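None of these values were measured; they are calculated from a predicted model.
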Amino acid sequence: MSSLQLVAAIALGYLLGAIPSGVLVGRLRGVDPRDSGSGRTGTTNAIRTMGMRWAVLVAILDVGKGVAAVLLGNLIGPEPWAGPLAGVAAVAGHVRSVFIGFTGGRGVATGAGAMVLLAPLAVLAAILEFAVVVGATRLVSLGSILGSITVAIIAIVLATVGWSGIEVAVAASAIAVIIVVAHADNIERLRAGTERRFGSG
């Protein structure tokens with residue numbers, strides 16, 4: 001695989017991820033998620049600003065961006081690195097979209113879409129972890145942060161024992177870092193005990 005192919009995979013992955021699904025769906029609903037709630041464009045704020053039905057559409061589109069980026073990366077350049085790095089780029093694009101002034105979501109759904117192709121068992125474990133944490137605490141941010149870390153840890157373990165490639169572990173770790181950094185304000189509120197709980201007014 002040439003370096004040009006790798007750069008193309010990363011660039012196209014970023015542009016796919018940067019498509020602002022939440023803003024586009026919001027236009028159909030007549031709202032802009034950036035104007036209220038957390039100001040983010042992802043699923044959680046879409047629930048607050050548009051309602052569950054529209055938020056489900058946002059989630060599907062955001063997951064689809066991650067899936068499409070990995071598939072496109074694999075088409076552009078043979079495995080192992082093009083697909084995983086395109087997936088990482090898609091998450092970065094979702095969080096810092098060039099199309100909406102480098103704002104965006106927190107990368108969870110797009111990261112899940114990328115990793116479901118690269119490490120499906122890790123994503124399944126993270127979904128279970130997310131459900132348990134959010135069910136017990138109603139803290140979506142905490143479930144999201146721990147879920148991304150769970151995927152990274154499992155991917156690293158799988159790579160260590162030879163059941164997966166190092167490129168998957170690298171991608172999972174990079175995605176986890178992006179997601180955790182995107183939750184910096186949530187982390188501050190979690191530490192202060194002021195983080196908003198799902199379903200609260």
[X] side-chain N/O to [Y] backbone N/O, donor-acceptor pair under 3.5 Å:
X: H94; Y: A90; result: no
X: Y14; Y: V88; result: no
X: R138; Y: R197; result: no
X: N186; Y: S141; result: no
X: R189; Y: E195; result: no

Which heavy atom of [X] sits nearest a heavy atom of [Y], and at what distance?
X: N45; Y: P33; value: ND2-O, 2.8 Å
X: G73; Y: A9; value: CA-CB, 4.0 Å
X: G143; Y: V134; value: CA-CG2, 4.3 Å
X: G113; Y: V67; value: O-CG2, 3.3 Å
X: T41; Y: G104; value: OG1-C, 3.2 Å
X: W54; Y: V25; value: CE3-CG1, 3.5 Å

Partner residues of [X] under the side chain to side chain contact (heavy atoms under 4.5 Å, CB included) criterion, sequence neighbours left out:
X: R191; answer: I187, E188
X: A55; answer: T43, A46, I47
X: T103; answer: R34, I100

Applying a strict under-4.5 Å side-chain criterion to I, L, V, M, F, W and Y, I'd like to know whether [X] and [Y] cluster together.
X: V63; Y: V95; answer: yes
X: V70; Y: V91; answer: yes
X: F130; Y: I60; answer: yes
X: L117; Y: I127; answer: yes
X: V180; Y: V108; answer: no

Gap between atom [atom2] of [Y] and atom [atom1] of [X] - 0.5 Å precision:
X: I19; Y: T110; atom1: CD1; atom2: OG1; answer: 10.0 Å
X: F198; Y: L139; atom1: CZ; atom2: CG; answer: 12.0 Å
X: H183; Y: I178; atom1: NE2; atom2: CD1; answer: 13.0 Å
X: I10; Y: L85; atom1: CD1; atom2: CG; answer: 5.0 Å

Give every donor-acceptor pair under 3.5 Å between a side-chain atom in residues 146-169 and any protein atom, sequence neighbours left out.
residue : atom : partner : partner atom : Å
S148    : OG   : I145    : O            : 2.8
T150    : OG1  : L146    : O            : 2.8
T160    : OG1  : I156    : O            : 2.7

| request: Using a 4.5 Å cut-off on heavy atoms from C-beta on, say whether the side chain of V133 contacts that of E129. | output: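 A side-chain contact exists here, since the closest heavy-atom pair is under 4.5 Å.
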| message | So R48 and R40, do their side chains get closer than 4.5 Å, heavy atoms only? | response |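 Not in contact.
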| message | So for atom CG, which belongs to L24, do other residues, nucleotides or ligands contribute more than 12 heavy atoms lying within a distance under 6.0 Å? | response |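 Check passes, neighbour count above 12.
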| If you look only at pairs with a residue in residues 60-72, which of them pass as a salt bridge (Lys or Arg N to Asp or Glu O under 4.0 Å), with sequence neighbours excluded? |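 Sorted pair list: D62-K65.
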| message | Test: salt bridge (Lys or Arg N to Asp or Glu O under 4.0 Å). Region: residues 96-112. Which pairs qualify, not counting sequence neighbours? | response |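 Every pair satisfying salt bridge (Lys or Arg N to Asp or Glu O under 4.0 Å) with a residue in residues 96-112: R106-D185.
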